[in-house]
K.L.:
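Take this structure first; my questions come after.
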Amino acid sequence: MTSFTHASPPVALSELAPWLLDQLDEAIAFFSADLRLVCFNQSLVKRWELDSEWLQTQPTWSDFLQTVSQQQQWLPEQRETMEQLLELAWRSPHQPLTPNADINLNASRYSKSPPLRLKLTGYPDRSFLLTLLPTPPANSPEQQLQEERLRLLESVVVHANDSILITEAEPLESPGPRILYVNPAFTRITGYLPEEVLGKTPRLLQGPNTDPATVARLRTSLHNWEATVVELLNYRKDRSEFWVELSVVPVMNQEGRYTHWIAVQRDINQRKRVETELQNTLQQQIEVSQMRSRFVSMTSHEFRTPLTSILSASELLEHYGHAWTEEERLEQLHLIQSTVQHMTQLLDDILLIGRSEGGRLEVYPVWFDVVTFCHTLTSSIQNSVGREHLITFDSQITRPYAFLDQKLLQRILSNLLSNAAKYSPQGTLIRFDLEQDVDNLTFIIQDEGIGIPIEDQAHLFDFFYRGNNVGTTPGTGLGLAIVKNCVDLCKGQIRVESTPNVGTLFRVTLPASTEATRPE
Ligand code: ATP
Ligand code: MG
């Protein structure tokens, strides 16, 4: 062990070296490859108030750091910094690491005492030299005040909730100004670590749904060196979207030249969410009022026409009935009866929708033979459409007993089958198929009719909505709204595929337990 603590300068040159080391202002500690302190000078003892005798026992690097940390009241992360510096020093041996680096190893991060300036030089055999440079002379009170102010400002930026980003002033055109600094809130909000964005441009935060008009407005303000505030949709590292209120201000140096931009981004997702909810509510109200007006015009038309025909049939009966044959009288009476039935059906539909909208419609599933049910329904619709169409029903299912609400199923299928007949030219075929998988029954109704224009398909299930191509075919636009309600009540799904002038296919899938024989 060599100690360089000598009282007076020795004569021989080799003996002079230790004395010279002790004269240095720099504190020096040399660690051997097995990480033991093998050489140090007096400046080290003084700077860190260490025990010279203890240092002579060749403490290990880790003991050394431990003792210095305690002595200097370092925080754990400050000690860690030293370890990391050593790793770096070994990675590029012979290169004094961060020469004159100001490393803040003071007890408190914002402590007033000046930071340590140190060098770590690693050697290939993993020995290394630690040099502590002398502390620069204390700043003037004015400089100290300014430093204090800077430290405070830094702490505001570091602890701010808003994301803060500093870029160079130019170029404003592609690729855009480079990012020089981001605060921790930026990482929290965007998911990007500083090293992933430094040197890149803030454009990396934009994405496909960022409004180009807002970006253009922002760019114009930047070109005019104007401070500006915009609301912008940005993208996180995982490409999820978030709304920010972005304030950008240019920073000027003492010569009056713009040098940087400071961009503060406030998270306004919550506000945007409330705005969207309000807009949705407004949209719903508009839809309700549109529906109301469609309802009024539909009811006035749909009720007035049959009422007029009932009135005229009864007037004819009143004035000319006595002169008619029994058959002619019956014909008028049947016309009145069927018109009343039609109106009753319409009222039933309206009431049904009212009940379903009010959540007062309930589901009563029972076990029944769904194949027989479909056969009967097909025959009854075939009877009502007569010879105009041929309706075929086909089923390959092996478990015909299903647990479903019969009334709801009846409403769904009869509306779809009667639509298929109503919107198809005479002599065309209507196919009705039933399929089954483990948990579902699928009812497919396919026609060769007028089809549904693509622009109408999105509104098919709206109340009182009718396609543009229905011409004079009568209807109220309630059938499919009822179908949709019933399908929803059964927790099923309905899909439509349609090509104008080719035909339409409705596919209704309902979850249902099924059995081969009637369950007890
Ligand atoms: P109703 O209330 O008397 O049933 P509607 O048939 O007009 O009147 P929906 O059954 O709700 O009303 O159908 C809505 C619209 O969807 C129809 O007006 C029609 O434009 C279109 N549509 C429904 N089914 C078919 C189909 N099979 N082929 C062509 N268009 C159809
Ligand atoms: Mg219909």
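Order of listing sets the numbers, starting from 1, for every ligand and every atom in it. What you see is a predicted model, and the numbers here were worked out from it, not measured in a lab.
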K.L.:
Work out which heavy atom in Thr428 is nearest to a heavy atom in Glu448; give both atom names and the distance.
P.N.:
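So the two residues come closest at CB-OE1, 3.6 Å.
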K.L.:
Purely on distance, is any nitrogen or oxygen of Pro474 under 3.5 Å from one on ligand 1?
P.N.:
no
K.L.:
Just to confirm my output: which protein heavy-atom neighbour is closest to atom 30 (N) of ligand 1, and how far is it?
P.N.:
Ile452 CG1, 3.3 Å
K.L.:
Starting from the C-alpha separation in whole Å, work towards a yes-or-no answer on ring-ring contact (aromatic ring centres under 6.0 Å, His included) for Tyr401 and Trp367.
P.N.:
CA-CA 6 Å; Tyr401 285 93; Trp367 283 103; 7.8 Å; no
K.L.:
Tell me if a side-chain donor or acceptor on Lys272 pairs with a main-chain N or O of Val244 at a distance below 3.5 Å.
P.N.:
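Not at all, since once roles are kept as given, no pair shorter than 3.5 Å links the two residues.
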K.L.:
If we set the cut-off at 4.0 Å for heavy atoms, which region of Asp447 has an atom near ligand 1: side chain, backbone, both, or neither?
P.N.:
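Only the side chain of Asp447 comes within reach of ligand 1.
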K.L.:
May I ask you to decide if Tyr465's main-chain N or O and Asp462's side chain share a donor-acceptor pair within less than 3.5 Å?
P.N.:
no
K.L.:
Could you go through the side-chain contact (heavy atoms from CB on, under 4.5 Å) check for Leu441 and Leu434 one step at a time?
P.N.:
CA-CA 7 Å; Leu441 282 170; Leu434 176 56; 4.2 Å; yes
K.L.:
Taking only heavy atoms of Thr476 into account, list the atoms of ligand 1 that are under 4.0 Å away from them.
P.N.:
1 (P), 2 (O), 3 (O), 8 (O)
K.L.:
Under 4.0 Å, heavy atoms only, figure out whether ligand 1 is touched by the backbone of Thr504, its side chain, both or neither.
P.N.:
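For Thr504, only side-chain atoms sit under 4.0 Å from ligand 1.
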K.L.:
At less than 2.8 Å, would any N/O/S atom of Asn419, backbone or side chain, sit next to the Mg ion (ligand 2)?
P.N.:
yes
K.L.:
Which ligand 1 atoms does Val470 reach within 4.0 Å, using its non-hydrogen atoms?
P.N.:
18 (O), 19 (C), 20 (O)
K.L.:
Counting distance only, does the side-chain N/O of Asn183 pair as donor-acceptor with the main-chain N or O of Ile164 below 3.5 Å?
P.N.:
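Yes, Asn183 side chain to Ile164 backbone: donor-acceptor pair under 3.5 Å.
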K.L.:
Need the ligand 1 atom indices (1-based, order shown) with element for anything under 4.0 Å from a heavy-atom of Gly477.
P.N.:
1 (P), 2 (O), 5 (P), 7 (O), 8 (O), 11 (O), 12 (O)
K.L.:
I would like to know whether Arg178 and Glu168 meet salt bridge (Lys or Arg N to Asp or Glu O under 4.0 Å); could you show each step before the answer?
P.N.:
CA-CA 6 Å; Arg178 290 185 315 151; Glu168 288 172 346; 2.8 Å; yes
K.L.:
Could you tell me the residue and atom name of the protein heavy atom closest to atom 10 (O) of ligand 1, and the distance to it rounded to 0.1 Å?
P.N.:
Asn419 ND2, 2.8 Å
K.L.:
With atoms numbered from 1 as shown, which atoms in ligand 1 lie under 4.0 angstrom from a non-hydrogen atom of Gly475?
P.N.:
3 (O), 7 (O), 8 (O)
K.L.:
Out of His342, Gln345, Arg466, who gets a non-hydrogen atom closest to atom 7 (O) of ligand 1?
P.N.:
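Minimum heavy-atom distance to atom 7 (O) of ligand 1 goes to Arg466.
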K.L.:
With heavy atoms of Tyr465 as the reference, note each atom of ligand 1 found under 4.0 Å away.
P.N.:
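Atoms satisfying the 4.0 Å criterion: 14 (C), 15 (C).
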K.L.:
According to the interplanar angle, ranging from 0 to 90°, do the rings of Phe506 and Phe461 count as parallel (below 30°), tilted (30 to 60°) or perpendicular (above 60°)?
P.N.:
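Rings of Phe506 and Phe461: perpendicular, as their planes differ by over 60°.
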K.L.:
Output yes when a side-chain donor or acceptor of Gln457 lies under 3.5 Å from a complementary backbone atom of Ile452, and no otherwise.
P.N.:
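Judged by distance alone, yes, a pair lies under 3.5 Å.
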K.L.:
Among all protein heavy atoms, pick the one closest to atom 25 (C) of ligand 1 and tell me residue, atom and distance.
P.N.:
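Protein heavy atom at minimum distance: Tyr423 CD1, 3.5 Å.
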K.L.:
So is there a nitrogen or oxygen of Leu480 less than 3.5 Å from a nitrogen or oxygen in ligand 1?
P.N.:
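Yes - when backbone and side-chain N and O of Leu480 are compared with those of ligand 1, one distance drops under 3.5 Å.
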K.L.:
Do any N or O atoms from the side chain of Asn269 and from the backbone of Trp243 form a donor-acceptor pair under 3.5 angstrom?
P.N.:
yes
K.L.:
Before signing off on this row, confirm whether Gly467 and ligand 1 have an N or O atom pair separated by under 3.5 Å.
P.N.:
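Yes, since at least one N or O of Gly467 sits under 3.5 Å from an N or O of ligand 1.
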K.L.:
Quick test: of every protein heavy atom, which one is nearest to atom 21 (C) of ligand 1, and how far off is it to 0.1 Å?
P.N.:
Leu460 CD2, 4.0 Å
